[in-house]
Protein chains: 2
Amino acid sequence: MLETANNDRQTGGPAGGRRARRHAETRAEILEAAWEIARSEGLAGLTMRDLAKRVGMRAPSLYSYFASKHEIYDAMFAQGYRQLMERWEALDLPDDPHDLALVAMRLFVEFAVEDPARHQLLFQRTVPGFEPSTESWAVAQEMYQRTLVAPMAAIGITDPHLLDLATALGTGLADQQISNDPGGDRWLRLIDESAEMFLTHARSRKRRR
Amino acid sequence: MLETANNDRQTGGPAGGRRARRHAETRAEILEAAWEIARSEGLAGLTMRDLAKRVGMRAPSLYSYFASKHEIYDAMFAQGYRQLMERWEALDLPDDPHDLALVAMRLFVEFAVEDPARHQLLFQRTVPGFEPSTESWAVAQEMYQRTLVAPMAAIGITDPHLLDLATALGTGLADQQISNDPGGDRWLRLIDESAEMFLTHARSRKRRR
DNA sequence: GTCTATATTTGGATAGAC
DNA sequence: GTCTATCCAAATATAGAC
């Protein structure tokens with residue numbers, strides 16, 4: 001081995017060490033395989049055996065990368081929120097409030113629908129004994145700030161009630177699409193109308209104050 | 001035994017036979033116990049052993065009443081929809097469209113929130129291999145007709161898009177309340193405002209035609 | 001780090017006596 | 001209809017050799 005002079009031991013070494021880098025790469029591979037299984041078998045259908053098989057390992061070897069199955073769910077949870085944030089940052093944001101609201105709602109609903117298992121993990125949290133770690137929760141909170149609170153403030157909406165109403169509308173469209181018309185577009189087609197309804201409502205409340 | 005002269009054999013006898021009646025009663029007891037377990041342990045936490053213990057049986061005895069665990073889920077599914085329908089029929093329905101929409105939305109959301117496991121079974125269907133039978137689906141369809149389509153038609157709303165928008169709004173409020181503020185009322189407090197927003201929107205669309 | 005072997009638990013379902 | 005005794009399968013996780 002070439003790294004005998006390299007004194008990073010196990011996973012505790014410097015972030016750029018060859019061993020640590022390889023370790024992180026394998027972790028990423030495992031997570032990618034986990035998403036694939038979750039997508040095809042359902043979130044609860046993810047098992048250590050299947051996961052190991054898909055990355056060309058035996059089940060016990062996974063424990064060199066994750067301490068438990070819950071830790072894998074936790075990493076997926078944080079990764080999912082980061083994905084949504086990156087998707088948001090990559091957008092070309094329009095100035096017009098109406099368009100901005102529409103783009104935001106469309107992003108959220110389409111993100112949910114394109115991977116129902118991910119939506120279930122991130123927003124419904126119906127996995128038997130799983131609770132996200134505080135670190136992963138922090139990622140979720142940051143997403144909420146950056147992709148909802150901040151842009152809404154930019155178009156003059158700061159009332160917490162209205163933010164909650166917006167999230168209800170978004171998850172409602174997503175959940176209905178996923179549960180009652182998987183693969184179709186029955187609720188996807190209502191995104192524009194919903195955004196418009198919401199904005200009109202928000203404006204009328206503001207006027208009334 | 002007293003029913004030697006009674007010629008209803010097994011479960012195939014007349015609906016009023018003593019044996020059949022007893023059988024139906026036990027089935028109902030089992031279902032009630034199943035709901036209790038689902039509420040406390042989660043829908044996926046329901047096991048035949050626990051269920052049997054709660055009704056004072058051993059697990060194999062349950063198979064005299066239900067052919068499989070899926071059949072139990074299926075009976076719960078139909079029962080849940082019947083409950084919602086009965087709840088609706090028991091209401092004192094107001095004539096005013098605004099009030100009617102509000103009452104309907106409130107019923108739906110509160111029904112969901114008061115038993116999240118039931119909501120999950122009926123409206124999210126995230127139980128691993130469970131698909132409702134065609135009979136149970138028919139019950140669900142009837143609920144949809146009687147508690148949504150008909151009353152909406154009564155207040156002049158027949159556009160299918162608007163019905164879908166209404167269900168999205170209802171499930172959205174319910175899901176957010178259950179997932180992000182269990183035991184609280186953060187989204188419950190938005191029911192009135194949501195109903196109002198929806199009605200205003202529906203009226204404006206009608207006017208535009 | 002990866003493997004084989006295995007502990008341990010759990011859960012659905014069936015066989016067959018009573 | 002209910003029981004005891006089991007079967008069978010699946011799943012997480014650990015021990016210990018290499």
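Just so we're on the same page: letters track the sequence lines, and every chain starts at 1. Reckoned from all heavy atoms, side chains included, excluding hydrogens, waters and symmetry mates. Quick caveat: nothing in here was measured; it's all calculated off a predicted structure.
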- Task: For side-chain hydrogen bond (donor to acceptor under 3.5 Å, both in side chains), just list the numbers for B/Ser133 and B/Glu135, CA-CA rounded to whole Å, side-chain angles, deciding distance to a tenth of an Å, and then say yes or no.
- Result: CA-CA 5 Å; B/Ser133 63; B/Glu135 294 81 27; 3.3 Å; yes
- Message: Using the rule given for side-chain hydrogen bond (donor to acceptor under 3.5 Å, both in side chains), can you reason through A/Arg118 versus A/Gln83, listing the C-alpha separation, both sets of side-chain angles and the distance that settles it, and then say yes or no?
- Response: CA-CA 11 Å; A/Arg118 183 179 57 192; A/Gln83 274 173 21; 2.6 Å; yes
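Separating the CG atom of A/Leu62 from the P atom of D/dA13 is a distance of 11 Å, rounded to the nearest angstrom. Rounded to whole Å, the distance from CE on B/Met57 to C1' on C/dA13 is 16 Å. Atom CZ of A/Arg58 is separated from atom C1' of D/dG16 by 17 Å (rounded to the nearest Å). A straight line from CD1 of A/Ile30 to P of C/dG1 spans 10 Å, rounded to a whole angstrom. One atom, CZ of A/Arg27, and another, C1' of C/dG1, lie 15 Å apart when rounded to the nearest Å. Put simply, OH on A/Tyr65 is 18 Å from P on D/dA13, counting in whole angstrom units. B/Lys53 places its NZ atom 18 Å from the C1' atom of D/dT2, with the value rounded to the nearest Å. Atom CZ in B/Phe130 sits about 17 Å away from atom C1' in C/dG12, given to the nearest Å.
Atom CG of B/Leu173 sits about 10.0 Å away from atom CD of B/Glu193, to the nearest 0.5 Å.
In summary, A/Glu89 and A/Arg146 engage in a salt bridge, as defined by a charged side-chain N under 4.0 Å from a carboxylate O. Salt-bridge formation is detected for the pair A/Arg39/A/Glu32: a Lys NZ or Arg NE/NH1/NH2 atom is positioned less than 4.0 Å from an Asp or Glu carboxylate oxygen.
At least one side-chain heavy atom of A/Leu93 sits under 4.5 Å from a side-chain heavy atom of A/Trp88.
Contact annotation: A/Ser61 does not reach the phosphate of C/dG1 (side-chain N/O to OP1 or OP2, under 4.0 Å).
Residue B/Arg19 has its side chain nearest to D/dG1 when only D/dG1, D/dC3, C/dC3 are considered. When distances are taken from the side chain of A/Ser64 to each of D/dC3, C/dC3, C/dG1, the shortest belongs to C/dG1.
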Report, one pair per line, the protein and nucleotides 10-12 of chain D atoms (nitrogen or oxygen only) whose separation is under 3.5 Å.
{"from": "D/dA11", "atom 1": "N7", "to": "A/Arg49", "atom 2": "NH2", "distance (Å)": "2.6"}
{"from": "D/dT12", "atom 1": "OP1", "to": "A/Lys69", "atom 2": "NZ", "distance (Å)": "2.9"}
{"from": "D/dT12", "atom 1": "OP2", "to": "A/Met48", "atom 2": "N", "distance (Å)": "2.9"}

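Side-chain atoms of B/Gln124 and A/Ser179 include no donor-acceptor pair closer than 3.5 Å.
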